[in-house]
2 protein chains.
Amino acid sequence: MRKKAKAAGIPVKQKRLSPEDRRKEFIRKATEFFAEEGFNGGTRELARRLGVTQPLLYRYFPSKEDLIREVYRKVYLEPLDSDWEKRLSDRSRPLRDRLQYFYVTYTDAIFNRVWLRIYLFSGLKGLDINRWYVGTVRDKILTRIIKEWRFEAGLSVQSKPTAKELELAWVFHGGIFYYGVRKFIYESPVLEDKERMIADAIDTFLIGMTRALGKNSREVSRNLNRLETTADR
Amino acid sequence: MRKKAKAAGIPVKQKRLSPEDRRKEFIRKATEFFAEEGFNGGTRELARRLGVTQPLLYRYFPSKEDLIREVYRKVYLEPLDSDWEKRLSDRSRPLRDRLQYFYVTYTDAIFNRVWLRIYLFSGLKGLDINRWYVGTVRDKILTRIIKEWRFEAGLSVQSKPTAKELELAWVFHGGIFYYGVRKFIYESPVLEDKERMIADAIDTFLIGMTRALGKNSREVSRNLNRLETTADR
DNA sequence: TGCACTATTTATCGATCGATAAATGATTAT
DNA sequence: ATAATCATTTATCGATCGATAAATAGTGCA
């Protein structure tokens with residue numbers, strides 16, 4: 001009943017794959033499966049989509065929970081095994097260009113149905129790896145952006161970002177992130193030119209930073225004009 | 001074993017509530033329950049938290065799905081049974097003030113663990129009511145904001161918002177929304193002064209609108225100064 | 001006070017879940 | 001060619017799920 005070929009009396013040749021290949025394929029397809037069905041998706045249905053029987057999964061993973069952990073690892077670490085963040089600090093190029101490059105490539109990596117859904121599912125579960133990721137975004141990306149902005153604005157880059165600086169960066173980052181959520185989770189129409197959206201968000205962000213934080217410092221106000229002028233590409 | 005008092009031999013006095021009260025309490029607590037556990041939470045655990053037995057739920061709701069539907073209705077419609085959006089069009093007050101008032105009261109309603117989690121859970125399920133809500137935000141809130149901005153910028157308010165205008169508004173809206181997600185879903189520290197965050201986001205948004213859309217129209221550029229000046233409160 | 005009504009509980013069903021043990025069959029080494 | 005190895009399947013267990021039927025007990029009315 002299960003296998004068409006078998007129901008028809010034609011035996012399905014049993015495939016034997018090397019453990020490494022099997023394991024990788026299991027994780028890959030399990031990622032897609034759990035992204036669609038959520039982590040409550042059944043192991044039988046997953047096995048069916050893999051073209052194998054359910055107990056075989058337990059030959060490769062001690063428990064469903066272990067398989068899911070591998071899915072997390074893959075999803076969370078894959079977009080980060082790049083040096084994008086480091087390129088944020090390459091001061092030979094204008095900050096605006098660096099931001100544009102970073103967000104285009106970063107969103108190329110995470111703006112897809114699978115990544116975003118796994119991310120949101122695990123976020124709702126309150127998993128450590130999710131909290132760790134959010135902390136990484138803050139420390140490795142936003143903090144760096146603020147530092148570079150300070151440098152370009154002629155401010156001290158020594159001290160840690162202020163709460164207000166961080167908040168402005170988060171709202172900026174969240175605004176871009178929400179574009180992906182609208183497109184791939186809510187499947188709502190979005191402005192198709194993603195790079196244009198990012199460019200506008202960056203322009204707005206840079207102006208907003210000098211505005212909101214310029215009140216405290218004459219120094220910033222002086223550099224403000226320069227920044228806003230470069231905005232008119 | 002289940003009921004402490006019963007295990008101790010002391011009979012628990014059976015409570016009888018009026019059907020209306022019961023029903024309301026069921027929906028209310030079911031909302032909290034499903035917000036925490038997700039919609040895969042079991043009816044037995046839910047009944048336990050309600051202090052009743054599981055089959056009693058089926059006296060009030062034909063199925064678990066029907067109970068969940070009531071939860072959706074309550075969560076999605078509650079924040080909208082106000083005239084906040086209409087006050088966005090009250091041109092006797094400056095647009096900036098109207099935006100501030102709207103987002104402060106709107107986020108007062110939706111920035112809590114229960115609302116945000118139900119919203120995200122149902123969004124991942126791709127439910128009609130979620131898509132409807134996103135459409136409502138676009139048509140009743142963002143479109144109105146754009147219209148009011150156009151009016152204040154001295155532009156025509158007749159035509160529908162352009163894709164680019166909508167996108168800027170979405171990024172703005174999403175940035176604010178993500179503040180709530182960070183605080184109540186990721187339980188990450190945020191700038192505690194929510195009104196300050198909103199004020200900064202509005203400032204940035206208004207400037208960004210005139211910047212990004214001012215290229216096409218001399219008219220906007222002329223009004224731009226006025227808008228940016230009022231930003232210096 | 002006793003009876004009718006119904007809110008609530010007890011008991012239970014069939015389906016499905018994650019997981020394990022034993023049987024089978026494809027591959028590899030001798 | 002045959003035996004050993006191990007990837008894969010078949011069969012099955014106990015727990016838990018949503019849901020239903022029948023028994024029980026609290027409430028209001030005569």
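Residue numbering restarts at 1 for every chain, and letters A, B, ... go by the order of the sequence lines.
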Rounded to whole Å, the CZ-P distance (A:Arg22 to D:dT9) equals 7 Å
Taken in chain and number order and not counting sequence neighbours, the residues that satisfy salt bridge (Lys or Arg N to Asp or Glu O under 4.0 Å) with B:Asp66 are B:Arg69
Per-nt protein contacts along nucleotides 15-21 of chain D (heavy atom under 4.0 Å; B base, S backbone sugar-phosphate only, - none) come out as --BBBBB
Hits for salt bridge (Lys or Arg N to Asp or Glu O under 4.0 Å) against B:Glu165, two or more places apart or cross-chain, chain-then-number order -> B:Arg150
To the nearest angstrom, the CG-C1' distance between B:Leu50 and C:dT9 comes to 15 Å
Those residues at least two apart in sequence (or on a different chain) that pass side chain to side chain contact (heavy atoms under 4.5 Å, CB included) with A:Ala163 are B:Leu191
Side-chain N or O of B:Tyr60 less than 4.0 angstrom from OP1 or OP2 on C:dT8? yes
Between CZ of B:Arg59 and P of C:dA7 the distance, given in whole Å, is 5 Å
B:Glu187 meets the salt bridge (Lys or Arg N to Asp or Glu O under 4.0 Å) criterion, sequence neighbours left out, with A:Arg131, B:Arg113
| Less than 6.0 Å separating the ring centroids of A:Phe205 and A:His173? | no
Here the distance between atom P of D:dA7 and atom CZ of A:Phe61, to the nearest Å, is 14 Å
Ring pair (Phe, Tyr, Trp, His ring centres under 6.0 Å) filter on B:Phe102, not counting sequence neighbours, yields B:Tyr106
